[in-house]
Number of protein chains: 2
Amino acid sequence: MNASLIRQTLQEYDVKPSLSRIKIYDYLYNNRIHPSAEMIYKALVDELITLSKTTVYNTMHLFADKGIVRTIGFPNEETRFDINVTPHYHFKCRNCGNVYDIPYSKVDIESSVRDGFDIETVEVHMIGRCPKCS
Amino acid sequence: MNASLIRQTLQEYDVKPSLSRIKIYDYLYNNRIHPSAEMIYKALVDELITLSKTTVYNTMHLFADKGIVRTIGFPNEETRFDINVTPHYHFKCRNCGNVYDIPYSKVDIESSVRDGFDIETVEVHMIGRCPKCS
DNA sequence: ATCATTGCAAACACTTTGCATACGC
DNA sequence: GCGTATGCAAAGTGTTTGCAATGAT
């Protein structure tokens with residue numbers, strides 16, 4: 001995905017394509033590792049030498065608001081960001097820390113082992129409105 | 001559940017029944033609201049006037065290690081603790097902040113509304129070992 | 001010239017750590 | 001008396017906020 005296509009994509013999401021935003025989008029698009037703000041910052045600061053973490057946070061909030069990314073929050077871990085906004089599950093390896101996308105079709109939550117992923121715990125979090133508040 | 005029964009329960013889990021631990025267990029047992037460390041502290045400090053948050057954290061770590069509680073980590077929220085360690089889902093109301101237990105049988109993740117719970121987002125987190133690390 | 005974006009520094013919330021004191025057997 | 005539990009204060013981590021500087025049109 002080249003710069004002008006990213007520019008166009010951001011505009012479709014109603015986001016003004018500044019340099020930081022383009023570079024961050026580019027990084028997310030080409031590195032499907034569900035990076036944290038820190039990982040994004042470290043990956044880009046050599047190229048964008050004035051980049052600050054504040055800008056990364058600002059940008060990720062904006063991207064999340066506009067639906068460009070979804071946020072992933074494993075317990076007691078930094079927030080990570082996923083440019084794949086289609087529905088899927090996440091698997092985090094307790095050993096290497098990598099986060100993987102797991103398609104719905106690949107997993108039956110009742111079972112513990114699928115395709116070499118040794119699932120020790122499953123946490124299902126639903127967010128919405130409870131009967132009292134609807 | 002009276003003090004001597006709690007004492008006995010803690011011992012079965014290989015935890016020495018100190019006063020703080022008994023009171024914290026008692027609180028968790030009788031208040032199924034998935035409290036945070038802060039909530040536990042505030043609820044007990046009037047009675048246990050020397051209680052510190054450190055002790056709450058120490059105790060919750062110990063309880064989690066021994067399998068007395070499970071921890072619940074919604075994205076960007078404080079850790080909450082659940083004395084119900086049998087498998088179930090969690091639903092957090094975005095309006096009132098309450099966390100509810102949802103039995104497996106009550107929910108079909110593909111649907112969005114069940115028994116008055118208006119589910120806006122579902123996050124499924126699996127933790128374990130990935131194929132590279134097994 | 002105006003308005004949005006950026007980025008530093010400080011504040012913040014939650015949690016952990018170091019260490020000295022107190023408690024229980 | 002010895003080993004564990006407790007609790008204060010400080011440090012640590014990830015994130016947010018206030019505000020001034022910069023950049024784009």
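In this text the structure is predicted, and so the values were computed from the model without any measurement.
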For residues 121-131 of chain B, run the donor-acceptor check on the side chains, cut-off 3.5 Å, and write out each pair with its distance to 0.1 Å, sequence neighbours left out.
| unit_1 | atom_1 | unit_2 | atom_2 | d |
| --- | --- | --- | --- | --- |
| B/Glu123 | OE1 | B/His125 | NE2 | 2.6 |
| B/Arg129 | NH1 | B/Cys133 | O | 2.8 |

Check: [Y] and [X] side chains under 4.5 Å, non-hydrogen atoms:
X: B/Pro75; Y: A/Ile72; answer: no
X: A/Phe91; Y: A/Val99; answer: no
X: B/Tyr27; Y: B/Ile33; answer: yes

### Message
Is the phosphate of D/dT15 approached by A/His61 (side-chain N or O, under 4.0 Å from OP1 or OP2)?
### Response
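Result: no.
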
**Asked** OP1 or OP2 of D/dC8 less than 4.0 angstrom from a side-chain nitrogen or oxygen of B/Ser52, does that happen here?
**Response**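 Looking at the OP1 and OP2 atoms of D/dC8, neither is under 4.0 Å from any side-chain N or O of B/Ser52.
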
Whole-Å distance separating the [atom1] atom of [X] from the [atom2] atom of [N]:
X: A/Asp65; N: C/dT5; atom1: CG; atom2: P; answer: 13 Å
X: A/Tyr57; N: D/dG14; atom1: OH; atom2: P; answer: 8 Å
X: A/Lys53; N: C/dG7; atom1: NZ; atom2: C1'; answer: 13 Å

Report all side-chain donor-acceptor pairs from residues 56-65 of chain A shorter than 3.5 Å, counting only partners two or more places apart or in another chain.
| unit_1 | atom_1 | unit_2 | atom_2 | d |
| --- | --- | --- | --- | --- |
| A/Asn58 | ND2 | A/Thr54 | O | 3.4 |
| A/Thr59 | OG1 | A/Thr55 | O | 2.7 |
| A/His61 | ND1 | A/Tyr57 | O | 3.4 |

At a cut-off of 3.5 Å, list every protein nitrogen or oxygen paired with a nitrogen or oxygen from nucleotides 9-12 of chain D, distance to 0.1 Å.
none

### DNA chain C contacts among residues 69-79 of chain B, heavy-atom distance under 4.0 Å
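Within this stretch, B/Glu78, B/Thr79 sit under 4.0 Å of the strand.
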
Sorted by number, the residues of residues 24-50 of chain B with heavy-atom contact under 4.0 Å to DNA chain C: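 Residues of residues 24-50 of chain B under 4.0 Å from DNA chain C: none.
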
Query - Those residues of residues 4-23 of chain B lying under 4.0 Å from DNA chain D by at least one heavy atom - result: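 Per residue number, the list reads B/Lys16, B/Ser18, B/Ser20, B/Arg21.
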
